[in-house]
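In what follows, a structure is listed as structure tokens, so that the remarks can point back to it.
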Amino acid sequence: MPESTNETVTFTLDGREVVAKKGEAIIAAAERAGTYIPRFCYHPRMEASGNCRMCLVEVEGPRGSTLMPSCFVAAGEGMNVCTNSDKVKKAQDGVLEFLLSNHPLDCPVCDKGGECPLQDQTLLHGPGETRFVEEKRHYEKPIALSELVLLDRERCIQCGRCTRFADEIAGEPLIDFAGRGDRVEVSTFPGEPFSSYYSGNTVQICPVGALTATPYRFAARPWDLDQVESTCTGCATGCRVAVQSSQGRVTRLLGVDTDTVNHGWLCDKGRFAFEGLNADGDDFELSDPRRRITSPMVRTNGELVAVSWSEAISRAASLLGETAPESVGAIGGASLTNEGAFAWTSLLKGVLGTDSVDAQLGDGLDPSLVLGLPRATINEAADACTLIVLSGDLREELPVLFLRLRAGAATKKASIIDLSNGSSCFDKVAAVRLPARPGDAPQVVAALTGDDEAMKVLARHPEGATFDADAIAKARHLVGSDGTGVVVVIGRSSLAEDAAFVEDAALALHQALPKATFLPALRRANVHGALDMGMSPGLAPGRVSMEDAASSLSALWTKKPTSTGRTTLEQLRAMDQGAQRVTVVLGADLGADVPDADLVQRALSSDAAIIAVAGNGSTTVAAAEVVLPAAISHERGGTTTNLEGRVSRLGQKVVAPGDAWEDWMMVTELAHELGTTLPFGSLDDVTNAIAVYAPSHHGLTTSLLASSQASDGVVVPLGTETLHERKAADPMAIPGLASADHIGLGAFTGSITSETPSESNQGASEVAFSQVRLPERRALNAVVPDGYALRLVSGRKLYDLGTAVSASPALAALAAPAVAKVNAYDLDRIGAHSGDRVRLRSQKGTMIIAVESDAHVARGTVAIDFNVGQAGETTNAVLALLDSSVAVVDVRMESLS
Amino acid sequence: MSYFTDGRQARAEQLIAIYPEQRSALIPLCHLVQEQDGYLSEEGMVAVAELCGVTPAEVRGTATFYDMLHTEPVGKYLVGVCTNIACLLAGGLELLEHAEGSLGVRVGATTEDGLFTLEETECLADCNIAPCVQVNHRYVRTTTPEQFDALVSELRDGGRASEIPSHGTLIRTRRDVDLAADPGLVAQERAARRAAVEGQS
Amino acid sequence: MSLTDAPKIITARAQYDDSHTLERFLATGGNDGLKKALTMTPEAVQAEVDAASLLGRGGAGFPAGRKWAMLRKADVSYLVVNGDESEPATFKDHLLVERDAHQLVEGVTIASYALQVNQAFIFLRGEFALGLERVQEAINDAYKTGALGTNIFGSGFSLDIVVHPGAGAYICGEETALLEALEGKRGYPRIKPPFFPAAIGLYGEPTVVNNVETMSNLPWIVLNGGAAFAALGAGRSTGTRLFALSGHVRNPGVYELEMVKHTFRDLIFSPELGGGVPNGDVKAIIPGGVSAPWFYPEQLDIPLGQDEVAEQGSMLGSGSIVVMDTNTCMVRAAWRITKFFSRESCGQCTPCREGSGWLERVLWRLENGQGRMEDLDLLLDLCDNIAPGLGWPPQQTTICVLGPSIPSSIHSAISRFRDEFLAHITQGKCPHA
Ligand SMILES: Cc1cc2nc3c(=O)[nH]c(=O)nc-3n(C[C@H](O)[C@H](O)[C@H](O)COP(=O)(O)O)c2cc1C
Ligand code: SF4
Ligand code: FES
């Protein structure tokens, strides 16, 4: 209940009146008012611990003035606070001297040297000469807390930011302080490293150089770094980042604090995947993701050979131009920028006239559902009273979104109803678990929304229902009658299940709980931007259907598709059957991503021609007719859109290797070659064209995007969210106290009233979010389970065999081998034990895999992660079992031990 | 299979049960591990973590805060000599030096035969019989070098077994009542109390 | 100097060899106080404690009645008894838990009834292996005799008591660190405000924390009335109190004395009590635990009372008195006390964590003849950085008062015995060695 957020108090700060929010710490209020109080342990996104004592200020009280930690003490009405008295100075100098007494003076060889608050403070106020002549604490050199994070204990100042982060924010207390007094050190348990998806954040928030990340260690000196603010394209959360480079190579990513999205956090995949950009291009096979594609290629005599751009463009144009529109299609697009997506849609739909364009890879949701449901923002979801989660494991798929959503449940402000089958990231914090087996989601939702018949149907499963009447009663109580305060996270809970079940469940929730809003958990980077730009059959740019597309498009488009096109799976089938002759694959790795290996195999080996637009190698690239090298991630500018519909800017930091181009350039050239003109002379032209031609993006011009009000991005359509100034960041998270604003991270000042953007938009969104009509509910056949088989569940892992991980050595090493997880009951039934190897057989194929018991996996199901394996392994085991032509996949398991 | 042996599993479960929150049993359970393994073994910490619903890192982090919990093996007898102010004034440091000499180890170390670990302790709250010496957390009241040596040789010969059980400070502490106050009754009492308080105001 | 004939309120039973047994307890009025309390209303019991003006015996000396008054309206609440007793030279609770655990359990039950809490904890330092046994035995006995558990003595009041062992950390005597330890965590003191136990205590619920000795007084107070207690002593310091006397005296030990009616000199020199200083004379005394500033011979006639000692710039604290005779090396004494703080600092606050270690190392150098002239100013300035102004009670730069207690002995020693420090420096060794 965000009741008192607007209440303010007035207090005196160094003799002037300052207004603070009620409950706001003095340190934060002072910072907004332009007074920076030095600190080490305080972090604006974590509970204050008040232990470093650097932030002491003098506060007048009934018994005279006392020193108080300004990070911990809230500004009170009429309080008199002094931050610069002699007493304060002496106390702070004392703390600094105490900290330095045992801190090594190895700044010249320390990664933090040059951006270290301890160093800065010392230069500013510190004692000139040390009075400490005793021997310093001494430890062995750095110890590894995990594969990615090293700890130099001598440099640690015991602020506890890292340990508090692990516990409070990530919920994974795998590091803790050990010892007492001045022997306190951060440590892990022997044999249990700090392998958290969020470990890199501890490095970023460590105020000294105690924690360092292996991918950055000794890579550059801070003063050599050049940085730009951008958006992470690792997943659809769209975290804001500062991208730093040295000598033309990306060397480090830091999370930028935005109130709306990531609160300064990043996941390790987003933070460290930049390594893949620096991979040395030509050393690897074309099928290897570590290979950077640096020049255009055309297949000549069966071999892909490097050619000039004009040759490649003319070959691609002739393939496209000489094929009937209904025989041309495009797969992929989620890795494009909005500009790239708009350009390709314009070419494919508006110049060539094909509607067979699909940014999703058979693993997504019906776009009319995604665009038609009332959408929630991340802040609304984080502030919701009740969250219903019917999606893949968010920690694996949208890691920082998980952090934002976990916070409410961990502090008991929100209740989570978790419908996941199998272990889920919300296991520890969920209020109710209603595991939905594959095919069961509509029934579970019916039960949740009051249908007692559904409970009976669920109980008819040979292994019984997965939850009891108490659970459903509790859950019903939490959702209330009309869904006020409820946010539903909707995504693909399993890739071995037809999306129709989840889609129907979502529609049912919308009908039963009209006030509930939805956060679509499609995970792939800019998939939401691509759908907004019309990259799906039947859609035009701007969240409108092709039928409803504005006539103004004709100013840009010379053609308009006449029939509804094919989805990705349909395109692959059409390629196999000879109905689709030319397919443009836009940055997708079909072999790794489409949940039907057999179908992909058949499509790739058919004689349909592939034009691959790619930054990295893949089996798709290796099978292509024409390869067009694309600039990827931090090599390009433009905008992306996250899952809440927030459009934010990318900052280009480095130049793409070799001859790679940005997509809008290739599209313009192709159009030209095809005899038309797309009026894109620059990237900004494309952005501004979107603002004109895409109804949902009306008004979102480059100048608006560049304004300071839009620094955290803007939710479209405009008007659903108040634009706001950025809140003060954690100045210590971004190098150098002074540098926090010069890279565009926002000054420390800002008005109070503009800081609560989500409030004007509490609850259901009244603004028409999109003009796409929701699909009709379809009658789905409840699929009768076979008592001998286990129903397969397959979800994503963060470290999978996809391009981003495979191309980044530090991450690839973390990918785990695949195992099959089943309930102990089923394990027993089959006569197998944890660790045994088992053979699994589906209608489609077989695989041999180790089995493990997992109490969270519902009886009668088996869970196998999608697309995982050990680095270097090319087989994607579970794919052999998947079959996109059936609604659910049943497998039989047999023990081999 | 449970980690604890010799009836300690039941005691572990009882410890978990008597607290409103399971993590509260963390320190008592660590004592129980020490009683069984002689020190706080890694396996023991993992077992405690499971029982308390925390990570092993948290168990280790918590345990290492406390002087009595040893994450490295220690001798059969933990010999603690206090050198804090009252004992210092009575020759505690000298007695400690003597102990180092007669046991042949430095403070913190364990004799080769694994019998004795010598510790310098802070005040043990027995300052009228100073310097204060504890063996396995039992006061032995040997204040002179001679008494100390006599005790050591007695222990070497297996003496004083009943007076000085092995360490694990709860080794003889037994709660033989399982029930906490009847929760139903307590709830009733509370409701009545609240009604009374509200009636007043 | 003659001793007053005040009753032995909490050590009467301890004179018997079997004082720890249920038989002796029951034979000497055991549970009488509890039974009487259960016939009264909780408010009436509280009123007696208020009337007694029972000051907390753990160190801070806050009136128990006032502390209790904060707790009445809470839905869930706890009573936690502080038996950490780790303040150097304090050993009175040791006596109470080993020699008369039943009295403690009876006191805790009375307090719980007055507070209407149904769950109490007795936190004992882990080194009290025997004490843990004895208190648990007393609880077991109490359950058997109907003095504990559900529906105590048919009164309708129910209570459980859990004995919780510490594991060796002085800081867990600090009440909020104690609560952390009781929650199974590192003993980090919590920041007050807001974490005053009475507001946000154990498991976030309102909690009263009282010392073992405080609790042990309750059976007598209920039985004899608060007024009888308040008639003893003087001013705010009522009743009797345990004084733990150690160091250079002939008869170190725990003495129960009427408050205010005796002086430090009485305690140290009276033949029935300390029996005097065997070698030489008093050089300095530590009046209330090592956190307290020292007294010197000219202050021996200060009465043993809370405010009387406070007025002289120190504190009665935990009631422990250490006598240092004229042969004592004050550098060494200050060093050892500082070493204690350095080992026991929890490590949260920079000034305490780093300052204690730094001070200890400088003092160690001085004691061993490697001091430099500038070290004395350095010591005092570092102390001033931990507790600005070096006054008493100290100004605080830290979360708890352990940090600001560190300077007491250093400041006391240097102010009074500067010559001794200088001798260490100029002679290059400890002149007492
Ligand atoms: C560093 C420190 C150590 C303490 N140690 C003890 C202790 O060992 N025993 C104790 O009863 N109180 C100790 N206290 C005082 C407690 O915080 C608390 O005030 C006391 O237990 C309250 O009980 P009382 O009101 O009955 O005295 C200590 C305080 C501090 C700051
Ligand atoms: S003052 Fe010392 S003991 Fe107290 S909380 Fe701070 S570091 Fe811990
Ligand atoms: S104590 Fe306030 S920033 Fe550390």
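Chain identifiers are assigned alphabetically (A, B, ...) following the order of the sequence lines, protein sequences preceding nucleic acid strands; residue numbering begins at 1 within each chain.
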Inset, instruction - Begin from the C-alpha positions of V184(A) and R186(C) and carry the test side-chain contact (heavy atoms from CB on, under 4.5 Å) through to its verdict. - result: CA-CA 11 Å; V184(A) 162; R186(C) 296 165 61 77; 3.7 Å; yes
Inset, instruction - Start with the C-alpha gap between N102(A) and W358(C), add the side-chain angles, then the distance that decides, and say whether side-chain contact (heavy atoms from CB on, under 4.5 Å) holds. - result: CA-CA 9 Å; N102(A) 273 306; W358(C) 189 350; over 6 Å; no
Inset, instruction - Could you walk me through whether R131(A) and D375(C) pass side-chain contact (heavy atoms from CB on, under 4.5 Å), step by step? - result: CA-CA 9 Å; R131(A) 299 191 287 176; D375(C) 284 339; over 6 Å; no
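Comparing M54(A), M68(A), R183(A) by how many heavy-atom pairs each has under 4.5 Å with chain C, the most go to R183(A). Ranked by heavy-atom pairs shorter than 4.5 Å toward chain A, the options S345(C), G347(C), G187(C), G389(C) are led by S345(C).
Residue Y188(C) touches chain A through its side chain alone, counting heavy-atom pairs closer than 4.5 Å. Proximity to chain A is limited to the side chain of Q395(C), based on heavy atoms less than 4.5 angstrom apart. Neither the backbone nor the side chain of I171(C) comes within contact range of chain A; no heavy atom of the residue lies under 4.5 Å from a heavy atom of that chain. In this structure, chain C has a heavy atom under 4.5 Å from the side chain of L56(A), while its backbone stays farther away. In this structure, the portion of R372(C) lying under 4.5 Å from any heavy atom of chain A is its side chain and not its backbone. Interface remark: F177(A) contributes backbone and side-chain atoms alike to the contact with chain C (heavy atom separation under 4.5 Å). Residue E134(A) touches chain C through its side chain alone, counting heavy-atom pairs closer than 4.5 Å. The parts of E344(C) that come within reach of chain A are both its backbone and its side chain, each placing non-hydrogen atoms under 4.5 angstrom from that chain. The contact between F132(A) and chain C is made by backbone and side chain atoms together, counting heavy-atom distances below 4.5 Å. Interface remark: P351(C) contributes backbone and side-chain atoms alike to the contact with chain A (heavy atom separation under 4.5 Å).
Counting heavy atoms from C-beta outward, F98(A) and S356(C) have side chains that stay 4.5 Å or more apart.
Minimum interatomic distance between E135(A) and R361(C) (heavy atoms only, all atoms of both residues): O-NH1, 2.8 Å. When all heavy atoms of T397(C) and R53(A) are compared, the closest pair comes out as O-NE, 2.7 Å. Considering every non-hydrogen atom in both E354(C) and S101(A), the closest pair reads OE1-OG, 3.7 Å. K90(A) and D384(C) get closest at one heavy-atom pair: NZ-OD2, 2.8 Å. Minimum heavy-atom separation, F72(A) to P194(C): CE2-CD, 3.4 Å.
Here OG1 of T350(C) is found 10.0 Å from CG of L96(A). Values are rounded to the nearest 0.5 Å. Atoms CG and CD, from L67(A) and Q396(C) in turn, are 10.0 Å apart once rounded to the nearest 0.5 Å.
The environment of NZ in K192(C) is crowded: more than 12 heavy-atom neighbours from other residues, nucleotides or ligands sit within 6.0 Å. Counting non-hydrogen atoms of neighbouring residues, nucleotides and ligands closer than 6.0 angstrom, the CD atom of E47(A) reaches no more than 12 such neighbours. Annotation: E140(A), atom CD; neighbour count of heavy atoms from other residues, nucleotides and ligands within 6.0 Å does not exceed 12.
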